[in-house]
Novice: 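Below is one structure. I have some questions about it.
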Amino acid sequence: MTAIGETLEFSFVGYTNKQIKLNENIFLNISLNTTVVNLDEILVTGYVSQKIKDITGSVASVKPRELTALPAGTVEQMLQGRVAGLSVITSGEPGAPTNIRLHGMGNFGDVSPLYIIDGVPGEINSLNPDDIETLQVLKDAAAYSIYGVRGANGVIVVTTRKGKNGKTRISYDGYVGWQQPLKKGLELLSPMENGEMIWQSLKNSGQLGPNGNPSHPLYGNGPDPVLPDYYYAGPFVGLQSGDPRVDPSLYNFDPSKGNVYQIIPFNKTGTDWFHEMFKPAFSQNHTATVSGGSEKNLYLFSFGYLDQQGTLLNTFLKRFTARVNTEYNYRNKFRIGENLQLSYSENPQSGKSVTGGQYNSDANLALISDPAQPLYDIFGEWNPLGNNNSIAASDNPVGSRYNA
C-alpha cells in the first residue's frame, strides 16, 4: 500500500516511462508518450552499413557510453545485462574467462559468438573499451548469414573510433575504484567452541576412553577439552608450554640440514582465513586520445592503461594498449589507411591449487582451513598446515597466493 509522498512509476512497451509523486488526490489521470525511435540510425551488420528501418534480422546495438558505464576489465564482462537474450556468465575475477551465450544454455561444445573488429575476426577482450565507436550484436540467421557457418553462434561486430574532420582534439577518460570483500566474512566456531562441539559429539556417540572421557590429539582426554599452546612441533601434535619437544633449539626449516622440524603455535583466538585471503582491491583505468584531420586525412592515436586488482590475493589484470587509426583519401577515388592496435597484459588468476587436492583452489582451501592454525610458525615462516602425522596435510593457501 502506497502513502502520500511516495512515487509510482508507470510503464508500457513502446511508451516512455512516467513517474508520479502521490499527493492528496484520490484519482490520477495518467497519459504516456510514445517512444521516439530513430529509424535512420546507421548500424554495421557485416561488410555493409544499414539503416535501422531497412534491417530485417534481429540486431541489438550497445552504445559506447552504456558499455563503459560498468567499470569492468574486459568488454565481454561489460556486455552483461546490455542485450536481451545475451547471457554473460563470469566469476567476476579480473580477466577471468567469460561464457557468452546467444542461443541459450542447452547447446554443446564451443558456442562462443564470432567477434568482428573493424571487419576482421579478432579477440575482443584485448580491446580498450574506450576505443569502441559502435558495437552491434547480430542474433539471428538473417542478420549474420553473411558470415556463413562461422557466425552460427551469433556475431558481435565492433568498429573502433576514427579521427574527425577538424582541429586536433585531445581527450582523457578514466576512473578510479575500490572493491571491498565481505565485511563479516565467515562466521566460524572459535577453537574452544570447536573443541566443545567435538567433545559433545564424542559423548553422544559413546566414543569414550578408559577414564570415561573423550580423547582427541589436540584437546586431551579430560572431562572438558583443553586448548594446547602448540598445534604441533615436528611430528608431535597438541603440546603445552614447557614440553621439551617445543624447544626452539630443535627448530629446523632447511631440508639440507636434516628433517624439517617446524614449531607451530596454537591460535586460541582463531585465524580469520577469509580476510587473510581476501583484501580490499584498488582499480584504475586511464585513456588518452589525440584525434583530428582534414578532408583528406583523418587520424586517431590512443593510449590506455588498466590496473584492476582482485580482492583475492595476487589476482589482477594489467593491460597496456596503443591504437593508431588513420585514413587518407586520394582525389576521392582511393582510400588508404590502417587500424593498428598493440596490446600487452598481465593476468595472474586464482587457478587451481598445486597441493590443494580435492579442494581445487587456494580460495576454497582458505574456507575450510582450521582457525586454530596460525599463518606462521614461531620464527615467521609459513605454516604448511600439516605435519608428519598428516593431521591437515596441505599447503598454506595464503602463503601459496603470496608465492604464486
Novice: Would you say Q341's side chain and S126's backbone share a donor-acceptor pair under 3.5 angstrom?
Specialist: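 It does hold such a pair.
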Novice: Quiz question: by atom type and distance under 3.5 Å, do the side chains of E76 and Y115 form a donor-acceptor pair?
Specialist: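 Per modelled atom types, E76 and Y115 side chains form a pair under 3.5 Å.
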Novice: Report, one line per pair, each donor and acceptor closer than 3.5 Å where one atom sits in a side chain of residues 277-288; sequence neighbours left out.
Specialist:
unit_1	atom_1	unit_2	atom_2	d
K279	NZ	H275	O	3.0
Q284	OE1	H286	NE2	2.9
N285	ND2	D130	OD2	3.4
H286	ND1	Y172	OH	2.6
T287	OG1	N128	ND2	3.1
T287	OG1	D130	OD2	2.9

Novice: Are T168 and Y299 linked by a side-chain donor-acceptor pair shorter than 3.5 Å?
Specialist: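 Yes, because at least one side-chain N or O of T168 sits under 3.5 Å from a partner of the opposite role on Y299.
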Novice: What distance separates E381 CD from N396 CG, expressed to the nearest 0.5 Å?
Specialist: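 Reported to 0.5 Å precision, the distance equals 11.5 Å.
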Novice: Measure up the F253 and Y251 rings against each other and bin them: parallel (under 30°), tilted (30 to 60°), perpendicular (over 60°).
Specialist: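 Correct class here is parallel.
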Novice: Classify the side-chain pair D224/Y219 by whether it contains a donor and acceptor separated by less than 3.5 Å.
Specialist: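 Side chains of D224 and Y219: no pair found under 3.5 Å.
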Novice: Spell out, as yes or no, whether a donor-acceptor pair under 3.5 Å connects the side chain of K318 to the backbone of N347.
Specialist: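 Checked: no pair found.
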Novice: Strictly by modelled atom types, are Q80 and T90 linked by a side-chain donor-acceptor pair under 3.5 Å?
Specialist: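 No, no side-chain donor-acceptor pair sits under 3.5 Å.
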Novice: Between the side chains of E196 and N194, is a donor N or O closer than 3.5 angstrom to an acceptor N or O?
Specialist: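 Checked: E196/N194 side chains show no N/O donor-acceptor pair below 3.5 Å.
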Novice: CD1 of I264 to CD1 of I378: how many Å apart, nearest 0.5 Å?
Specialist: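 Atom-to-atom, I264:CD1 and I378:CD1 are 8.0 Å apart.
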Novice: Out of curiosity, D131 CG to T321 OG1, how far, rounded to the nearest 0.5 Å?
Specialist: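 Those atoms lie 6.0 Å apart.
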Novice: Can you tell me how far the CD atom of Q179 sits from the CD atom of Q308, to the nearest 0.5 Å?
Specialist: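 Nearest 0.5 Å value for the CD-CD distance: 6.0 Å.
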Novice: Under a 3.5 Å distance rule, please check whether N17 uses its side chain to pair with a backbone N or O of E9 as donor and acceptor.
Specialist: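 Not confirmed, N17 side chain does not pair with E9 backbone.
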Novice: What's the separation between atom CD in E133 and atom NZ in K162, rounded to the nearest 0.5 Å?
Specialist: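 That separation rounds to 7.5 Å.
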Novice: Verify the neighbour count for atom CG of D254: are there more than 12 heavy atoms of other residues, nucleotides or ligands below 6.0 Å?
Specialist: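 More than 12 within 6.0 Å, yes.
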Novice: Just one of Y230, Y231, Y232 clears the ring-ring contact (aromatic ring centres under 6.0 Å, His included) bar with F266, so which one?
Specialist: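 Filter result, single survivor: Y231.
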